[in-house]
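Only this structure's heavy atoms are used, side chains among them; waters, hydrogens and symmetry mates stay out.
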Amino acid sequence: MAAHEDLSKVRNIGIMAHIDAGKTTTTERILYYTGRSHKLGEVHDGNAVMDWMEQEQERGITISSAATTCFWHQAKINIIDTPGHVDFTVEVERCLRVLDGVVAVFCAVGGVEPQSETVWRQADKYSIPRIAFINKMDRVGADFHRCLKMIADRLGVNPVAVQLPVGCESAFEGVIDLIEGKMLIFDEATLGQEVQEFDIPEKYQQEFTAAHMVLLEKLADFDEEIMGKYLEGKPVSPEEIYSALRKATLSLGLVPVLCGSAFKNKGIQPLLDGVIRYLPSPVDIPSVEGVDEHNHLVVRSANDDAPFCGLVFKLMSDSFVENLAYLRIYSGRLKVGEKVFNPIKKKQEKISKLLKLHANKREEVKEIGCGDIGAVIGLKFTTTGDTLCAAGDYIVLDQMEFPVPVIGVAIEAKSKADEKKLAETLQKLALEDPSFTISTNEDTGQTIISGMGELHLEIIIDRLLNDFKASANVGKPQVAYKETIGTKAEAEGKFDQYTGAKGQYGHVILEVEPLLRGAGFLFECKVSEEQIPKLYLKAIEKGVVDSLDAGPLIGYPLTDMKVNLIGGSCHEDDSTEMAFGISASMAIRRAVVEANPLLLEPVMSVEVVTPEQYLGDVINDLNSKRAQIGIVESIHDLQVVHSHAPLAELFGYSTSLRSVTQGRANFTMRFLEYDIVPSAKADIIVKKFRGI
């Protein structure tokens with residue numbers, strides 16, 4: 001990277017969408033037209049540049065977000081192609097945390113699908129400016145205007161068309177540029193590389209005029225000059241429109257909408273122009289904020305000369321490279337050989353190797369500048385979400401939140417000799433993926449690995465056995481239940497022991513009460529300091545929290561409850577923190593048993609898209625899985641069934657759905673909430689776990 005590169009010419013963007021909307025194909029075309037790759041890779045042929053993992057090529061989906069850099073009209077674009085499958089939501093989350101802008105890809109037939117809603121909300125969380133690309137305009141059932149309406153209705157945003165399609169379905173040829181007033185046709189003989197420009201034909205003039213007026217009307221709300229010219233009926237130049245549209249996009253007021261067919265090589269060059277014109281550079285986004293060691297606000301601006309500050313947003317490990325850490329640099333520059341400080345781990349790290357990435361190809365560089373995305377090899381202490389800053393400096397950027405796993409399987413080494421390798425490999429994978437956890441079942445001693453869904457675990461096990469060559473036996477998937485309480489209760493815990501000259505004394509009375517679903521855990525002290533001195537409160541709370549790891553029913557964690565310390569006593573000489581911790585854990589265990597313990601299970605939001613003739617069978621099948629059916633929508637000749645169902649009933653659902661619809665329906669599923677298991681069902685689960 002050239003020293004002190006013009007940051008206004010850099011774009012850090014992500015490409016996100018529902019599974020199968022065409023994100024990876026769109027990225028492949030971008031790489032082809034920018035000269036980054038010299039042949040067109042196809043997802044369905046398993047040779048897409050960005051889907052480089054064996055598991056991705058087999059399944060034709062993106063699993064791990066891939067990073068690359070390309071150049072378009074003197075601008076540098078760092079692209080991250082994110083997964084669309086709901087099991088890999090964490091991949092999207094951590095990439096959005098470090099991106100400045102997003103291209104949201106929508107299928108012209110499916111429109112706004114469940115996962116596109118999920119990723120859109122994730123981008124809302126980080127206030128990221130977006131442009132929309134309505135892909136697959138060549139497909140049967142493609143409808144540009146319906147997609148535009150769905151984006152407005154379902155996502156609650158203000159989309160504005162900057163293009164219109166020329167033709168539709170198999171007759172789709174190109175686009176009409178509403179700003180320049182030209183028709184663009186993409187030459188099939190040159191794989192769309194030649195873009196031919198024509199005047200707008202007579203038959204499209206009326207539609208063009210109406211859409212152009214809508215564009216000016218929407219921009220008038222954001223730009224007074226355009227409003228004045230619009231009201232006076234004066235022409236507005238393309239430059240004025242571009243400038244106003246950029247401003248409105250960066251302020252999240254508007255979402256420019258483009259269209260095309262990535263697979264048929266149509267509409268990609270104008271999309272690249274749109275990325276440069278409307279999405280922010282590192283200098284357009286607000287300066288990054290963090291806190292220092294005293295929790296005071298610290299601000300770092302996007303400047304090469306500012307102190308270095310960056311965020312590690314992803315770790316990758318493979319059998320060849322120890323810890324490849326993806327890093328976004330917010331201020332300053334990072335050079336090989338430098339020492340940096342990790343304020344979260346309070347450790348120093350040495351930068352031994354820096355890389356620029358192109359999917360799984362790596363290019364060594366001497367330094368990475370401000371506003372850029374690259375990778376570091378060999379960080380010893382840093383994990384996902386950690387901040388790195390200059391040695392002697394201290395700033396912690398906002399950390400990332402990761403979802404709680406909902407499904408687990410038991411795993412064990414095939415032999416004693418394989419145990420060490422399996423444990424090390426699992427640790428590597430857990431470092432890499434924060435939505436994947438490893439735990440030990442205290443009763444059985446089994447190692448349980450947990451993730452976001454069946455596919456998530458399937459991929460992890462596949463990588464474990466094939467990429468890392470670990471030998472292991474894997475059990476059946478298990479639901480990650482939780483436990484809670486149904487009523488108030490109180491109990492006493494007293495620990496009174498004398499060992500030699502010194503005694504141990506702790507005495508507490510605790511009250512437990514249920515909270516709303518999703519509220520987590522609260523602790524409150526309601527006794528005076530004379531009764532129990534402040535110095536013991538931490539130990540009491542810790543004793544309570546440690547005991548919440550295993551509930552009384554089947555040993556799953558307790559949640560959604562409040563614990564009040566309402567009484568107790570202490571001994572002037574003999575009371576200790578340890579004694580109060582033990583008495584608190586005794587009291588909480590007794591109180592929970594008295595408080596009508598309940599079992600909670602993960603409930604998934606399930607959306608099935610099926611041809612109409614199978615609608616009855618699909619609903620009957622869902623009803624047999626304890627599903628609650630919501631609304632049923634019609635889209636063309638398809639029916640979309642929205643429902644909620646317990647995860648426990650959905651193992652192998654893809655097989656049962658295939659059998660009732662002859663393989664013609666598909667579904668998406670995402671975690672919704674934890675809810676109470678009906679008592680009859682809970683009794684069966686508890687008896688099964690206890691071996692009764």
Enquirer: One pair to check against side-chain contact (heavy atoms from CB on, under 4.5 Å): V640 and H642. What are the steps and the verdict?
Expert: CA-CA 6 Å; V640 183; H642 299 264; 3.7 Å; yes
Enquirer: Rounded to the nearest 0.5 Å, how far does SG of C370 lie from OH of Y330?
Expert: 10.5 Å
Enquirer: Test your reading of the model: is there a side-chain donor-acceptor pair from Q205 to the backbone of I200, 3.5 Å cut-off?
Expert: yes
Enquirer: To the nearest 0.5 Å, what is the distance between CG (L311) and CD1 (I373)?
Expert: 10.5 Å
Enquirer: Within a 6.0 Å radius of atom CD on E188, are there more than 12 heavy atoms belonging to other residues, nucleotides or ligands?
Expert: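 Open: at most 12 neighbouring heavy atoms sit under 6.0 Å from CD of E188.
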Enquirer: For atom NZ of K9, decide whether the heavy atoms of other residues, nucleotides or ligands shown that lie under 6.0 angstrom number more than 12.
Expert: no
Enquirer: Answer yes or no on whether R277 is positioned over the face of Y242, meaning its NZ or CZ is under 6.0 Å from the six-membered ring centre and within 45° of the axis.
Expert: yes
Enquirer: In sequence, state the C-alpha distance, the side-chain angles, and the governing distance for I79 and I15, and then conclude on side-chain contact (heavy atoms from CB on, under 4.5 Å).
Expert: CA-CA 7 Å; I79 303 174; I15 297 191; 4.0 Å; yes
Enquirer: Can a donor-acceptor pair be found, under 3.5 Å and without considering hydrogens, that links the side chain of S243 to the backbone of E239?
Expert: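 Absent.
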Enquirer: Okay, side chain of D100, backbone of I13: is any donor-acceptor separation there less than 3.5 Å?
Expert: no
Enquirer: About how many Å separate CG of L334 and CZ of F308, when rounded to the nearest 0.5 Å?
Expert: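 So the gap between those two atoms works out to 4.5 Å.
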Enquirer: Assess the residue pair S301 and N303 against the criterion (side chain to side chain donor-acceptor pair (under 3.5 Å)); give the C-alpha distance rounded to whole Å, side-chain angles, the decisive distance to 0.1 Å, and a yes or no.
Expert: CA-CA 6 Å; S301 57; N303 186 330; 4.8 Å; no
Enquirer: Would you kindly check if the NZ (Lys) or CZ (Arg) of K314 is within the cone defined by 45 degrees around the ring axis of Y326 and under 6.0 Å from the six-membered ring centre?
Expert: yes
Enquirer: Which distance, rounded to the nearest 0.5 Å, do you find between the CG of L219 and the CG of L254?
Expert: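 Separation between the atoms: 6.0 Å.
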Enquirer: What closest approach, in Å, do I128 and G101 show between heavy atoms, and which atom pair accounts for it?
Expert: CG2-CA, 3.6 Å
Enquirer: Under the 3.5 angstrom rule, does the side chain of Q163 hit a backbone N or O of C259 as a donor-acceptor pair?
Expert: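 Yes; at least one donor-acceptor contact below 3.5 Å.
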Enquirer: Can you give me the closest heavy-atom contact between R300 and S287, atom names plus distance?
Expert: O-CB, 3.4 Å
Enquirer: Could you list the residues that satisfy ring pair (Phe, Tyr, Trp, His ring centres under 6.0 Å) with F208, not counting sequence neighbours?
Expert: H212
Enquirer: If you measure from CZ on F144 to CG on L164, what distance do you get to the nearest 0.5 Å?
Expert: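 That separation rounds to 6.0 Å.
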Enquirer: Between D372 and K76, does any side-chain N to carboxylate O distance fall below 4.0 Å?
Expert: yes
Enquirer: Before you tell me yes or no, could you show the steps for V257 and V160 under side-chain contact (heavy atoms from CB on, under 4.5 Å), namely the whole-Å CA-CA distance, both residues' side-chain angles and the distance that decides it to 0.1 Å?
Expert: CA-CA 6 Å; V257 181; V160 58; over 6 Å; no
Enquirer: Which atom pair, heavy atoms only, marks the closest approach of P129 to P280?
Expert: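 Looking at all heavy atoms of both residues, the closest pair is CG-CG, 3.8 Å.
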Enquirer: Keeping T34 on the side-chain end and L31 on the backbone end, is there a donor-acceptor pair under 3.5 Å?
Expert: yes
Enquirer: I'd like to check the side chain to side chain contact (heavy atoms under 4.5 Å, CB included) partners of A262; sequence neighbours left out, ordered by chain and number.
Expert: T25, T26, R29, N135, I268
Enquirer: I'd like to check the side chain to side chain contact (heavy atoms under 4.5 Å, CB included) partners of D124; sequence neighbours left out, ordered by chain and number.
Expert: W120, R121, R130
Enquirer: Would you sort out whether D143 and M150 count as a side-chain contact (heavy atoms from CB on, under 4.5 Å), showing the intermediate values?
Expert: CA-CA 11 Å; D143 188 334; M150 281 179 88; over 6 Å; no
Enquirer: Please report the shortest heavy-atom distance between D223 and A244, naming the atom on each side.
Expert: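 Answer, listing the atom of D223 first, then A244: OD2-CB, 3.7 Å.
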Enquirer: Mind checking ring pair (Phe, Tyr, Trp, His ring centres under 6.0 Å) for F222 and listing every partner two or more places apart, or none if nothing turns up?
Expert: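 Partners of F222 under the ring pair (Phe, Tyr, Trp, His ring centres under 6.0 Å) test: none.
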Enquirer: Check for a donor-acceptor pair, side chain of R328 on one end and backbone N or O of V98 on the other, with a separation under 3.5 Å.
Expert: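 A pair under 3.5 Å: yes.
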Enquirer: Has E633 got more than 12 heavy atoms of other residues, nucleotides or ligands less than 6.0 Å from its CD?
Expert: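 Yes, the 6.0 Å shell around CD holds more than 12 heavy atoms from other groups.
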Enquirer: Could you tell me whether a side-chain N or O of K264 sits under 3.5 Å from a main-chain N or O of M137, the two making a donor and an acceptor?
Expert: no
Enquirer: Between K266 and E194, is there a side-chain N and carboxylate O pair less than 4.0 Å apart?
Expert: no
Enquirer: Restricting to non-hydrogen atoms, name the atom on D199 and the atom on M183 that form the minimum distance, rounded to 0.1 Å.
Expert: O-CB, 4.2 Å
Enquirer: For the side chain of Q269 and the backbone of G192, is there at least one donor-acceptor N/O pair under 3.5 Å apart?
Expert: yes
Enquirer: In chain order, what residues pass the side chain to side chain contact (heavy atoms under 4.5 Å, CB included) check against K335, with sequence neighbours excluded?
Expert: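 With neighbours one apart ignored, the set is E338, E367.
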Enquirer: Taking all non-hydrogen atoms of both residues into account, name the closest pair between L7 and P282 and its distance.
Expert: O-CD, 3.4 Å
Enquirer: State whether R246 and D284 are salt-bridged, where the test is any N-O pair (Lys NZ or Arg NE/NH1/NH2 against Asp/Glu carboxylate O) under 4.0 Å.
Expert: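 Yes, R246 and D284 are salt-bridged.
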Enquirer: Side-chain donor-acceptor contacts of residues 167-179 below 3.5 Å, not counting sequence neighbours, with atom names and distances?
Expert:
from	atom 1	to	atom 2	distance (Å)
E169	OE2	G141	N	2.6
D177	OD1	I179	N	2.8
D177	OD1	E180	N	3.0

Enquirer: Treating R11 as the side-chain partner and I276 as the backbone partner, does any N or O pair qualify as donor plus acceptor under 3.5 Å?
Expert: yes
Enquirer: As an exercise, state the distance from NZ of K136 to CD1 of I134, rounded to the nearest 0.5 Å.
Expert: 13.5 Å
Enquirer: Let me see the working for Q193 and Y33 under side chain to side chain donor-acceptor pair (under 3.5 Å), right down to the final yes or no.
Expert: CA-CA 7 Å; Q193 279 204 319; Y33 296 127; over 6 Å; no
